[in-house]
**Student:** 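Please see the structure below; I have some questions.
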Amino acid sequence: TLIRSRRQRQMCIRDRTEAGEKIISFDAVRLASDGKKREVWVTLTPLYDESGQMISIATTERDIAERLELDALKAQTERFLSLVENLPVGAVYREKDQLLINKAGEEMTGYRRTELATLDDWFSKLFGEHAAEIRRQYQRDHSAGFPRATGPFEIRRKNGESRYVQFAAYRRDSHEVWIMHDVTRRHEAEAALQDREERLRAIMDSVAEAIVVINRDGVVTDFNNAAKQVFGYSAAEVIGQNIKQLMPTPYIEAHDEYMANYLQTGERRTIGKPREMRGQRKDASTFPMLLTVTEIGHLGIFVGVIHDLSMQRDLEKQIANLSTIEREQFGQDIHDGLCQQLMGLSMIATSLKQKLTEQNFAEAETMNRLCLELQQAVKDARALAHGLAPVPVTPEGLEDAFTILARDVAENTEIDCRFEGRNVGELKDRTDAMELYRIAQEAVNNAVKHAEASRIDITLDIEDGKSTLTV
């Protein structure tokens with residue numbers, strides 16, 4: 001059965017054939033018994049009687065689905081080969097000992113593809129006296145399945161000019177594809193940087209302070225030994241990279257804005273002025289530092305002298321920690337000494353009050369007031385001790401302190417106050433623990449006094465050495 005549009009076409013062809021037109025063949029679509037469409041090639045042969053009149057048309061059909069698939073595959077292959085041929089990088093196809101290079105490969109090597117048609121041609125013409133050595137390395141990489149990019153290798157073009165090329169090879173069965181990247185400019189730039197480093201290294205490395213030199217694009221051009229110690233990078237890992245590699249957020253964004261503003265307006269905000277900021281080491285840790293930047297205009301560079309403030313800040317922290325320890329000790333002394341003494345006096349006074357009351361002495365009322373005052377003094381002394389040393393000296397001390405804070409707020413106000421902590425025990429620094437507690441205590445007090453809150457949530461999340469406190 002013909003599809004309706006095709007049937008109409010068939011009738012048209014018949015009418016045109018009867019009118020004398022020579023229509024030999026055409027494509028058509030059939031509906032098979034399974035309901036699927038079939039592409040066929042129809043050939044018409046007119047049959048005539050003795051008088052030359054057409055009496056019928058003989059029709060033959062051939063299934064052309066396979067041929068159409070082959071044509072589509074051929075077109076796809078041609079498009080792929082055209083894509084490889086016009087790649088902006090060199091490409092080499094190897095099958096057994098035969099090679100086929102693309103247009104970019106010809107331009108890179110200076111040879112026509114017919115001149116580099118075999119492995120022997122490739123190694124002997126491009127690598128000269130080093131051909132045997134390079135071929136052995138290729139064989140090692142081939143045996144290992146080309147696990148990585150190789151090179152760069154120095155090749156000799158047909159005109160004798162040197163080029164540095166990096167290869168990335170891929171293998172499937174007995175077929176290989178090599179991708180070639182011309183890295184000559186990068187190699188020459190690295191050589192120039194190395195020469196510059198050799199001339200300045202002796203001076204740079206004799207300075208005790210870290211020195212980092214950048215150009216107007218923010219790219220590092222020099223990095224002395226002291227800077228290596230401070231940041232944890234080798235010179236090779238930093239030179240040629242943007243200075244932002246050594247900065248944490250938000251200094252990265254501020255640096256871009258400052259550089260753009262300075263290059264446009266010439267306004268100096270930090271040049272020549274010592275500035276305290278934070279740097280970022282290779283391990284992603286940050287540290288305080290004092291940065292002084294000097295511009296050398298005729299060379300188009302900025303020289304940054306960096307003083308690591310870590311030891312100074314550690315000393316300041318130790319001093320603050322000593323103060324914290326002394327305050328905590330004083331609070332502990334109040335709790336263990338004065339509070340216990342007041343508690344003992346309160347118990348004695350309570351006992352005496354009971355005896356006076358039993359004997360109906362008028363002094364019983366006075367003794368009752370004394371008991372109440374002593375009880376209030378015990379509460380005040382405990383509050384004072386807790387204020388001086390709110391965090392118990394235990395691994396779970398900070399979490400206990402926050403729990404007690406939330407409980408006290410809930411008991412003394414009509415506000416539902418809750419604490420939730422995660423990994424709180426990982427915080428071991430007593431000074432940091434005290435600072436976090438003081439911050440939370442102040443925030444909670446503000447919420448109680450000014451926020452008209454019905455509920456207060458305190459959360460502390462400690463992960464990878466970073467503390468996030470939310471009230």
Side-chain angles (χ1 to χ4, degrees), residues 189-190 192-321 323 429 431-432 435 465-467:
E190 290 174 351
L193 287 173
Q194 182 178 358
D195 179 67
R196 179 179 180 83
E197 180 180 353
E198 290 175 354
R199 288 185 286 109
L200 298 177
R201 188 52 50 196
I203 299 174
M204 294 278 290
D205 287 342
S206 65
V207 179
E209 300 286 5
I211 296 178
V212 181
V213 183
I214 65 172
N215 60 21
R216 289 181 175 269
D217 295 323
V219 175
V220 178
T221 59
D222 288 285
F223 198 73
N224 74 344
N225 275 339
K228 299 176 191 177
Q229 298 296 323
V230 170
F231 289 98
Y233 287 100
S234 67
E237 291 176 303
V238 178
I239 292 177
Q241 303 298 319
N242 196 285
I243 187 63
K244 292 186 291 185
Q245 180 175 331
L246 308 178
M247 299 178 181
T249 300
Y251 298 102
I252 293 176
E253 295 78 5
H255 175 265
D256 287 341
E257 179 183 354
Y258 173 75
M259 286 293 291
N261 180 74
Y262 175 73
L263 294 176
Q264 290 177 4
T265 66
E267 179 185 357
R268 295 170 175 245
R269 296 180 184 174
T270 61
I271 293 179
K273 302 175 183 178
R275 178 190 179 196
E276 186 171 336
M277 58 179 294
R278 296 194 72 81
Q280 180 168 288
R281 297 188 177 91
K282 183 178 180 179
D283 61 5
S285 63
T286 63
F287 65 97
M289 67 182 193
L290 188 66
L291 172 65
T292 304
V293 179
T294 303
E295 181 184 16
I296 304 179
H298 67 284
L299 294 179
I301 61 174
F302 299 89
V303 180
V305 179
I306 298 166
H307 177 66
D308 188 348
L309 298 176
S310 298
M311 293 183 63
Q312 179 179 334
R313 292 292 176 267
D314 288 343
L315 181 59
E316 292 172 354
K317 193 170 185 178
Q318 290 177 18
I319 294 174
N321 193 42
S323 176
D429 189 281
T431 301
D432 289 345
E435 289 177 356
K466 296 182 179 180
S467 304

**Student:** What's the separation between atom CD1 in I214 and atom CD in Q241, rounded to the nearest 0.5 Å?
**Tutor:**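 Answer rounded to 0.5 Å: 13.5 Å.
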**Student:** Answer yes or no: does atom CD of E276 have more than 12 heavy-atom neighbours from other residues, nucleotides or ligands under 6.0 Å?
**Tutor:**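 Atom CD in E276 is packed in, count exceeds 12.
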**Student:** Give the minimum heavy-atom separation between G232 and K282, together with the two atoms involved.
**Tutor:**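 In terms of heavy atoms, the two residues are closest at O-CD, 3.4 Å.
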**Student:** Hey, does the side chain of N224 reach the backbone of S206 with a donor-acceptor pair shorter than 3.5 angstrom?
**Tutor:**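 No: the side chain of N224 does not pair with the backbone of S206.
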**Student:** Going by side-chain contact (heavy atoms from CB on, under 4.5 Å), name the residues that satisfy it together with V213, two or more places apart in sequence or in a different chain.
**Tutor:**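 M204, I211, T221, D222, I301, V303.
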**Student:** If only atom types and distance count, is the side chain of D217 paired as donor or acceptor with the main-chain N or O of V219 below 3.5 Å?
**Tutor:**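 No: the side chain of D217 does not pair with the backbone of V219.
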**Student:** Would you check if the side chain of E237 reaches a backbone N or O of S234 as a donor-acceptor pair within less than 3.5 Å?
**Tutor:**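 Checking the backbone N and O of S234 against the side chain of E237, a donor-acceptor pair under 3.5 Å is found.
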**Student:** Quick check for you: to the nearest 0.5 Å, what is the distance between Q280 atom CD and M289 atom CE?
**Tutor:**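 Q280 CD to M289 CE: 10.5 Å, rounded to 0.5 Å.
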**Student:** Between D308 and V230, is there a donor-acceptor pair closer than 3.5 Å when you use the side chain of the first and the backbone of the second?
**Tutor:**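 Not a single qualifying donor-acceptor pair exists.
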**Student:** To the nearest 0.5 Å, what is the distance between CG on L309 and CZ on R278?
**Tutor:**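 So the CG of L309 and the CZ of R278 are separated by 9.5 Å.
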**Student:** Is the closest side-chain heavy-atom distance between I252 and M247 below 4.5 Å?
**Tutor:**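 In short, these two side chains touch, coming nearer than 4.5 Å.
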**Student:** Test ring-ring contact (aromatic ring centres under 6.0 Å, His included) on F231 and F287; report intermediate values, then the result.
**Tutor:** CA-CA 9 Å; F231 289 98; F287 65 97; 5.5 Å; yes
**Student:** Rounded to the nearest 0.5 Å, how far apart are CD of E209 and CG of L290?
**Tutor:**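 That separation rounds to 9.0 Å.
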**Student:** For residues Y251 and L291, determine if any side-chain heavy atom of one lies less than 4.5 Å from a side-chain heavy atom of the other.
**Tutor:**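 In short, these two side chains do not touch, never coming nearer than 4.5 Å.
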**Student:** Heavy-atom distance under 4.5 Å between the side chains of V220 and V212, does that happen here?
**Tutor:**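 The answer is yes; the side chains approach within 4.5 Å.
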**Student:** State, to 0.1 Å, how close A226 and A208 come at their nearest heavy-atom pair, and which atoms those are.
**Tutor:**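 In terms of heavy atoms, the two residues are closest at CB-O, 3.4 Å.
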**Student:** Got F302 and R216 here, is their nearest side-chain heavy-atom distance under 4.5 Å?
**Tutor:**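 They are in contact (side-chain heavy atoms under 4.5 Å apart), so the answer is yes.
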**Student:** Say you draw a straight line from NZ of K228 to CG of D205; how long is it, rounded to the nearest 0.5 Å?
**Tutor:**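 K228 atom NZ to D205 atom CG measures 6.0 Å (nearest 0.5 Å).
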**Student:** Give, for atom OG1 of T292 and atom NZ of K273, the distance between the pair rounded to the nearest 0.5 Å.
**Tutor:**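 Going from the OG1 atom of T292 to the NZ atom of K273 covers 12.0 Å.
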